[in-house]
Amino acid sequence: MKAILVNDDKSLRWDNVPDPILGDDDCLIKIEAAALNRADLMQREGDYPPPAGCPEWMGLEIAGTIVEIADGAKEKSNWKIGDKVCALLGGGGYAEYANVKYDMLMPVPKNCSMVEAAAIPEAFATAYLNLFIEGNIKEGDTLLMNAGASGLASVIIPMAKAFGIRVITTVLTEEIANSIKHLNADRVVVTTKEDIAKF
């Protein structure tokens with residue numbers, strides 16, 4: 001199969017790589033879209049090696065279609081060939097195919113394109129994990145989300161608001177504050193003008 005590889009000069013090339021080897025609990029995904037995030041950029045620069053056992057090529061978030069299901073994945077899941085899925089990977093998403101453990105797959109939401117779905121796993125899974133599983137936040141609580149213009153904040157703020165959480169966020173300038181009004185934080189603190197510790 002083909003994948004995007006990084007040359008020594010950090011340019012990219014579309015080149016041949018080994019086909020994925022399906023583990024017993026894996027599904028083979030025909031990749032239709034892949035997201036680009038900071039870890040991919042860091043890997044291209046040589047600052048973010050893929051975890052052990054993961055492909056050397058970049059790509060942490062994908063969306064695609066299941067084209068093969070290993071026996072263990074068939075027994076332990078309800079996935080079917082043809083299901084549209086997205087996933088967070090350790091690496092290897094900038095390719096034609098990827099093998100993904102069945103319990104790391106998420107269905108593509110009905111109202112999302114494959115391009116939109118490829119951008120869901122990292123930010124949305126991280127936001128949900130940190131808010132509701134690790135943070136145990138609930139309706140009526142208040143959340144301080146620093147760096148209100150960050151990519152993660154663009155997911156966390158509306159997610160928290162959807163669950164009835166009061167959100168305070170911080171930014172550096174009024175211009176940035178105006179640029180994130182659509183996120184509907186309850187309060188945006190411009191830290192160059194206000195001391196968040198006194199708020």
Side-chain angles (χ1 to χ4, degrees), residues 1-23 25-66 84-109 112-135 143 145-160 169-172 176 179-180 183:
M1 73 169 181
K2 298 278 191 180
I4 295 175
L5 302 177
V6 181
N7 295 315
D8 291 340
D9 66 358
K10 298 189 176 57
S11 63
L12 304 176
R13 73 181 187 278
W14 185 240
D15 210 342
N16 294 313
V17 296
D19 290 340
I21 299 171
L22 214 57
D25 288 339
D26 291 344
C27 295
L28 183 65
I29 312 304
K30 182 179 186 337
I31 299 169
E32 297 175 43
L36 173 65
N37 63 45
R38 188 171 304 206
D40 296 313
L41 298 175
M42 290 172 63
Q43 185 173 347
R44 181 178 179 179
E45 292 300 313
D47 298 329
Y48 192 88
C54 291
E56 66 183 71
W57 48 95
M58 300 178 298
L60 301 181
E61 298 175 271
I62 62 165
T65 303
I66 296 176
K84 303 288 186 187
V85 295
C86 55
L88 181 62
L89 312 174
Y94 292 175
E96 293 180 287
Y97 295 91
N99 60 318
V100 183
K101 192 166 179 268
Y102 73 90
D103 59 358
M104 294 299 290
L105 295 170
M106 297 176 281
V108 171
C112 285
S113 70
M114 294 302 260
V115 169
E116 291 167 332
I120 288 174
E122 179 85 65
F124 283 83
T126 299
Y128 189 86
L129 171 72
N130 287 326
L131 287 173
F132 301 103
I133 297 173
E134 299 293 333
L143 169 72
M145 179 68 217
N146 286 309
S150 68
L152 194 53
S154 72
V155 172
I156 286 180
I157 293 170
M159 183 182 288
T169 191
T170 62
V171 295
L172 293 174
I176 296 171
S179 75
I180 65 163
L183 298 177

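By convention here, the first residue in the shown sequence is residue 1.
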Quiz item: Okay, side chain of Asp9, backbone of Ser11: is any donor-acceptor separation there less than 3.5 Å?
Solution: yes
Quiz item: Which heavy-atom pair separates Gly148 from Leu183 by the least distance, and what is that distance?
Solution: O-CD1, 3.7 Å
Practice problem: Could you check if a side-chain atom of Pro109 sits within less than 4.5 angstrom of a side-chain atom of Glu116, using non-hydrogen atoms only? | Solution: no
Quiz item: For the residue pair Leu89 and Ala98, what are the closest heavy atoms and their distance?
Solution: CD1-CB, 4.2 Å
Exercise. Show your working on side chain to side chain contact (heavy atoms under 4.5 Å, CB included) between Leu12 and Tyr94 and close with a plain yes or no.
Key: CA-CA 11 Å; Leu12 304 176; Tyr94 292 175; over 6 Å; no
Quiz item: Side chain of Glu96, backbone of Lys2: donor and acceptor closer than 3.5 Å?
Solution: yes
Quiz item: In chain order, what residues pass the side chain to side chain donor-acceptor pair (under 3.5 Å) check against Asn130, with sequence neighbours excluded?
Solution: none
Quiz item: So how far is it from Ile31 CD1 to Glu61 CD, rounded to the nearest 0.5 Å?
Solution: 12.0 Å
Exercise. Evaluate the side chain to side chain contact (heavy atoms under 4.5 Å, CB included) criterion for residues Tyr48 and Arg38: first the C-alpha distance (whole Å), next the side-chain angles of each, then the deciding distance (0.1 Å), finally the verdict.
Key: CA-CA 10 Å; Tyr48 192 88; Arg38 188 171 304 206; over 6 Å; no
Quiz item: Just how far is it from atom CG of Leu152 to atom CE of Met159, taken to the nearest 0.5 Å?
Solution: 9.0 Å
Quiz item: So does Asp8 have more than 12 non-hydrogen atoms from other groups sitting under 6.0 Å from CG?
Solution: no
Quiz item: Would you say the side chain of Tyr102 lies within less than 4.5 Å of the side chain of Asp26, judging by non-hydrogen atoms?
Solution: no
Quiz item: If you round to the nearest 0.5 Å, how far is CG of Leu28 from CD1 of Ile21?
Solution: 11.5 Å
Self-check item: Spacing of CE belonging to Met58 relative to CG belonging to Asn37, to within rounding of 0.5 Å
Solution: 10.5 Å
Exercise. Look only at the side chain of Tyr128 and the backbone of Ala123, and say whether a donor-acceptor pair between them is shorter than 3.5 Å.
Key: no
Exercise. Please check if the side chain of Trp57 supplies one atom and the backbone of Gly92 the other of a donor-acceptor pair under 3.5 Å.
Key: yes
Quiz item: If you look at every heavy atom in Met1 and Pro18, which pair is closest and at what distance?
Solution: CE-O, 3.7 Å
Quiz item: Taking the side chain as C-beta and beyond, is there a heavy-atom pair between Ile29 and Ile66 under 4.5 Å?
Solution: yes
Practice problem: Output yes when a side-chain donor or acceptor of Arg44 lies under 3.5 Å from a complementary backbone atom of Lys10, and no otherwise. | Solution: yes
Quiz prompt | Nearest heavy atoms of Asn99 and Pro20, plus distance in Å | solution = OD1-CB, 3.6 Å
Quiz item: What are the two closest heavy atoms between Ala35 and Ala119, and how far apart are they?
Solution: CB-CA, 4.0 Å
Practice problem: Report the distance from atom CD1 of Ile176 to atom OG of Ser150, rounding to the nearest 0.5 Å. | Solution: 11.0 Å
Quiz item: Does some side-chain heavy atom of Leu143 sit less than 4.5 Å from a side-chain heavy atom of Ile156?
Solution: yes
Quiz item: When you measure from the side chain of Thr169 to the backbone N and O of Met145, does any donor-acceptor pair fall under 3.5 Å?
Solution: yes
Quiz item: Do side-chain atoms of Thr65 reach the backbone of Lys84 as a donor and acceptor pair under 3.5 angstrom?
Solution: no
Quiz item: So how far is it from Leu60 CG to Ile62 CD1, rounded to the nearest 0.5 Å?
Solution: 10.5 Å
Self-check item: Within-4.5 Å side-chain heavy-atom neighbours: Cys27 and Leu105
Solution: yes
Quiz prompt | Which atom of Cys112 lies closest to which atom of Ala117, heavy atoms considered | solution = CB-N, 4.4 Å
